[in-house]
Amino acid sequence: MSNKRVLTGITTTGTPHLGNYVGAIRPAIAASQDDNVESYLFLANLHALIKCSDPAQIHQSTKEIAATWLACGLDTSKTVFYRQSDVPEISELCWILNCMTAKGLMNRAHAYKAAVDKNLEDGEDPDFAVTMGLYSYPVLMAADILMFNATHVPVGQDQIQHIEMARDIAGRFNHHFGQLFTQPEAVVESHVKVLSGLDGRKMSKSYNNTIPLFSTEKQLKKAINKIKTNLLEPGEPKDPDDSTVFQIWQAFASAEQTAEMRQAFADGIAWGEAKKQLFELINTEIAPARERYNALMEDSAQVEAVLQEGAKKAREYSADLLAKVRKAIGIYAL
Ligand code: TRP
């Protein structure tokens with residue numbers, strides 16, 4: 001098996017922001033141009049249910065995330081792009097894997113352990129508000145990955161444990177029933193840019209410090225104006241390496257533009273002026289995608305059609321593999 005098959009999922013809660021764009025969307029789209037790699041990308045809406053029980057939010061976020069990736073140039077002739085819930089084989093495999101996953105393995109999952117620790121700290125029952133969805137989250141993730149025999153899974157640091165669990169579960173299945181699953185490798189992008197948010201901490205929905213990727217120009221300008229700065233006056237030299245404005249600038253600028261801005265900071269550029277230039281820089285890069293995004297958001301039928309096409313392609317693989325799995329475990333016609 002020398003073929004490289006890269007697979008990753010995006011949980012459909014929330015609206016894409018500049019941090020998602022710089023850290024995940026832009027690099028993943030660039031990587032998917034590589035003809036030597038098979039690429040699978042999906043909207044993890046079944047995972048979203050673990051964190052969110054607002055149907056309108058799940059639905060809206062799914063639409064926004066799909067439209068965002070398409071607007072940013074995802075080539076769906078090269079990447080199999082689908083919605084998790086449109087591939088029922090994943091859910092069936094999830095149950096089968098549940099039946100061979102040690103409960104003790106799940107006891108060790110970081111997300112579950114963190115929830116228990118928090119409950120104990122608060123003097124609650126250890127399992128207060130812990131659902132089976134949260135508890136067995138890594139099994140669904142293993143099903144996502146093993147269903148397509150992915151070889152490489154790009155993930156953040158916090159997800160490495162889940163990939164190890166997927167390997168563990170695959171190994172156990174293969175040992176009992178024969179070699180059907182590939183053991184995936186986590187690919188941790190150490191050079192992935194982590195963008196700072198409005199308050200200087202990592203840009204993240206949970207810190208409520210994000211700049212939405214697609215809003216109106218006016219809203220983008222307004223958000224950029226809210227980036228926290230120090231009180232240095234125009235004409236006073238400023239430290240670029242201690243500045244969120246400069247950090248975000250770097251994520252969008254060429255090497256030459258970065259050098260120029262570094263000089264402007266040394267020369268005491270006013271914060272207002274630096275922010276104005278930052279707005280122009282970001283807006284120039286994302287304006288064409290924003291137009292496509294708005295058009296797609298107005299035309300859900302088109303987005304839906306793309307996802308259906310993706311699910312069809314995905315199921316060509318998953319249906320075949322699931323048939324083998326069923327056969328292996330003794331579920332087939334009499
Ligand atoms: N758990 C991942 C996250 O929160 C999303 C995800 C679900 C995923 N299934 C996956 C990522 C399979 C990689 C492979 O980011």
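Both counts, for ligands and for their atoms, begin at 1 and track the order of listing.
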### Query
For ligand 1, which part of His162 has a heavy atom less than 4.0 Å away: the side chain, the backbone, both, or neither?
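Neither; no heavy atom under 4.0 Å.
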#### Entry: Which segment of Phe148 sits under 4.0 Å of ligand 1 when only heavy atoms are counted
neither
By number and element, which atoms of ligand 1 are closer than 4.0 Å to a non-hydrogen atom of [X]?
{"X": "Val153", "answer": "13 (C), 14 (C)"}
{"X": "Thr11", "answer": "3 (C), 4 (O), 5 (C)"}
{"X": "Tyr137", "answer": "1 (N), 2 (C), 3 (C), 4 (O)"}
{"X": "Leu7", "answer": "14 (C)"}
{"X": "Thr8", "answer": "11 (C), 13 (C)"}

Does [X] qualify as a cation-pi partner of [Y], given the criterion of NZ or CZ under 6.0 Å from the six-membered ring centre and within 45 degrees of its axis?
{"X": "Lys238", "Y": "Phe265", "value": "no"}
{"X": "Arg5", "Y": "Tyr317", "value": "yes"}
{"X": "Arg201", "Y": "Tyr207", "value": "yes"}

### Query
Only one of Val87, Ile10, Leu7 forms a side chain to side chain contact (heavy atoms under 4.5 Å, CB included) with Phe42, so which one is it?
Leu7
### Query
Does a donor on one side chain sit under 3.5 Å from an acceptor on the other, for Thr62 and Asn45?
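No donor-acceptor contact under 3.5 Å links the two side chains.
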### Query
Charged N to carboxylate O under 4.0 angstrom, Arg315 versus Asp320?
no
### Task
Using the side-chain hydrogen bond (donor to acceptor under 3.5 Å, both in side chains) rule, take Ser196 and Gln247 through it: C-alpha gap first, then chi angles, then the decisive distance, then the call.
CA-CA 7 Å; Ser196 301; Gln247 201 255 357; 3.2 Å; yes
In terms of residue, atom name and distance, what is the protein heavy atom nearest to [atom]?
{"atom": "atom 9 (N) of ligand 1", "answer": "Asp144 OD2, 2.7 Å"}
{"atom": "atom 2 (C) of ligand 1", "answer": "Gln159 OE1, 3.5 Å"}
{"atom": "atom 11 (C) of ligand 1", "answer": "Gly9 N, 3.5 Å"}

